[in-house]
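Order of the sequence lines sets the chain letters (A, B, ...), proteins ahead of strands, with each chain counted from 1. As the structure is a prediction and not an experimental result, all values here were calculated from the model.
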There are 2 protein chains.
Amino acid sequence: MSIQRQTLREQIETEIMERVGAGDFDMGSAINEVALSVELGVSRTPLREALISLTQQGVIDRESGKGFRWAPVSAADFAEMVQIIAALESLAVSLTAPEALAKIAPELLAQARGFTDSIGSSAELDLHDDQFHELLLSGNPNRRLAESIASMKLALRRYERLLVSSTDLIERSASEHEAIATALLAGDVPAAVAALSANWNNGTNRLIEVAEAKRPA
Amino acid sequence: MSIQRQTLREQIETEIMERVGAGDFDMGSAINEVALSVELGVSRTPLREALISLTQQGVIDRESGKGFRWAPVSAADFAEMVQIIAALESLAVSLTAPEALAKIAPELLAQARGFTDSIGSSAELDLHDDQFHELLLSGNPNRRLAESIASMKLALRRYERLLVSSTDLIERSASEHEAIATALLAGDVPAAVAALSANWNNGTNRLIEVAEAKRPA
DNA sequence: CCCCTTTCTCCTGTATACAGTATACTGCAT
DNA sequence: ATGCAGTATACTGTATACAGGAGAAAGGGG
């Protein structure tokens with residue numbers, strides 16, 4: 001393995017996204033470029049370039065004379081992104097060769113069944129979920145589609161910390177994944193796509209439940 | 001109307017996209033930042049920021065130590081983008097309230113019928129096409145989806161100059177639009193979505209035909 | 001007492017300067 | 001003649017410096 005030669009801008013991007021996922025920033029508030037550059041130990045130039053990059057991904061908002069601002073989070077925003085990702089992943093599965101889907105179906109099923117036992121923390125759940133979807137999309141021939149999905153999922157990480165682990169969530173997620181895998185095993189792609197959409201939309205419901213449980217009126 | 005206060009970066013972005021649409025740049029070739037900055041009469045900083053922005057939209061590629069490069073164009077790339085846009089626009093129509101669709105259906109039909117007569121140049125065709133799709137998506141409640149579609153369509157402009165006007169293209173496009181509108185008038189949203197996808201996919205075929213006609217073996 | 005105006009301060013937007021790296025060219029050795 | 005090495009050049013990546021505008025605060029007028 002060759003040593004990683006990453007540009008500073010890329011490192012800043014990933015660092016910012018890590019902190020965003022960890023909830024380090026106050027979403028909706030303005031970004032002070034100099035303060036953030038000092039905090040990260042870099043100059044403003046690569047920082048601004050990273051911020052512009054993240055702006056295109058919807059993590060950051062920008063207003064003409066007022067600079068950058070952390071994009072506000074909301075259940076509606078989450079729901080909007082989930083709708084888009086569900087459609088894009090459905091397209092990806094539909095574009096994948098049926099033989100390729102049949103080939104990965106057994107492993108998908110095994111992953112889904114191994115879900116409940118091996119999961120402890122929230123991070124592990126996310127990891128497992130990512131791996132499942134990654135495998136599911138591995139046969140997609142549309143390169144640009146894969147990029148779009150990855151980009152949109154990155155933006156979703158802002159909501160990671162809200163979707164904390166609970167045994168209930170894990171069991172539901174596992175059963176939904178199993179439904180996708182069994183449909184693919186049977187060669188029923190439309191059913192698999194429907195189950196996939198259901199999985200994503202249930203994610204919206206889960207978030208709303210959690211958000212309301214945290215903020216009692 | 002207030003005078004437009006646009007940041008230099010935004011002006012550069014639009015200027016570059018105009019030139020890209022006009023075919024001024026050699027797609028696939030490397031970008032010399034200083035040369036381009038001199039040509040545009042700006043400094044490298046806002047230019048680089050514009051290039052980074054366009055990179056996220058797929059118009060430009062970037063390699064770690066080698067800087068920026070115009071993303072190569074290909075029929076496959078065009079087809080990939082069209083697949084994505086078709087899915088996203090389909091989603092947008094599906095998410096729109098049926099009453100809203102019924103409301104705009106007559107105007108859509110009128111626009112589609114007025115197509116053949118009023119069109120002269122290729123630019124006019126594009127404009128009409130844009131207006132039709134804009135109206136079609138006007139009732140979509142998913143803001144982020146609208147942004148994604150707009151961004152992806154911007155990237156499509158690289159192929160504008162290839163899809164030159166021809167009466168054949170205009171007539172086909174008009175009839176496809178009419179199919180969408182009539183389906184919506186009948187309240188049949190799934191049929192409209194199907195017609196919409198067909199419209200986009202035919203666009204792919206049109207491009208391939210044109211490309212092959214231009215480059216005879 | 002409140003509102004409007006004016007000034008001042010801070011921050012963004014842009015330009016320029018510097019450093020590091022990739023590539024091309026030239027010269028030497030085989 | 002060809003291939004390798006060393007150097008030179010040119011371009012990207014990063015830092016810093018400067019200018020202009022937006023927002024806040026203070027002072028004056030109604």
Under-4.0 Å side-chain N/O to phosphate OP1/OP2 contact, A:Lys66 with C:dT12: no
Closest to side chain of A:Glu49, choosing from D:dA15, C:dA15, D:dT14: D:dT14
Nearest-nucleotide pick for A:Phe68, side chain only, options being C:dT14, D:dT14, C:dG13: C:dG13
Separation of atom CD in A:Glu63 from atom P in C:dC11, rounded to whole Å: 17 Å
Non-hydrogen side-chain atoms of B:Leu135 and B:Ser138 separated by less than 4.5 Å: yes
More than 12 heavy atoms from other groups under 6.0 Å of CD on B:Glu39: yes
Approximate separation, where rounding is to 0.5 Å, of A:Arg62 CZ and B:Arg9 CZ: 4.5 Å
Nearest-Å distance for atom pair CG/P, residues B:Leu40 and C:dA15: 11 Å
DNA chain D: 5'-proximal contact among A:Leu8 and A:Arg44 (nearest heavy atom): A:Leu8
Any B:Arg48 side-chain N or O less than 4.0 Å from OP1/OP2 of D:dG13: yes
Distance, rounded to the nearest Å, where A:Ile31 contributes CD1 and C:dG13 contributes C1': 16 Å
Touch class at under 4.0 angstrom, heavy-atom based, for A:Leu47 against every strand present: nothing
Distance (rounded to the nearest 0.5 Å) between A:Asp77 CG and A:Met27 CE: 10.5 Å
Sugar-phosphate only, base, or nothing, as touched by B:Ile12 at under 4.0 Å among non-hydrogen atoms: nothing
Nearest-Å distance for atom pair CD/P, residues B:Glu10 and C:dT12: 16 Å
Nucleotide C:dC11, atom C1' - distance to CG of A:Leu51 in whole Å: 14 Å
N/O donor-acceptor pair, side chain B:Thr45 with base C:dT16, under 3.5 angstrom: yes
Whichever of A:Arg9 and A:Gly65 has its nearest DNA chain D nucleotide further upstream toward 5': A:Arg9
Any A:Thr7 side-chain N or O less than 4.0 Å from OP1/OP2 of D:dT14: yes
Atom pair distance, as rounded to whole Å: CD1 in A:Ile60 and P in C:dT12: 12 Å
Interatomic distance, B:Glu33 CD vs D:dG13 P [rounded to whole Å]: 6 Å
Test item: B:Ile180 and B:Glu176 side chains (from C-beta on) under 4.5 Å apart, heavy atoms: no
Whole angstrom value for the distance that separates P of C:dA22 from CZ of B:Arg69: 15 Å
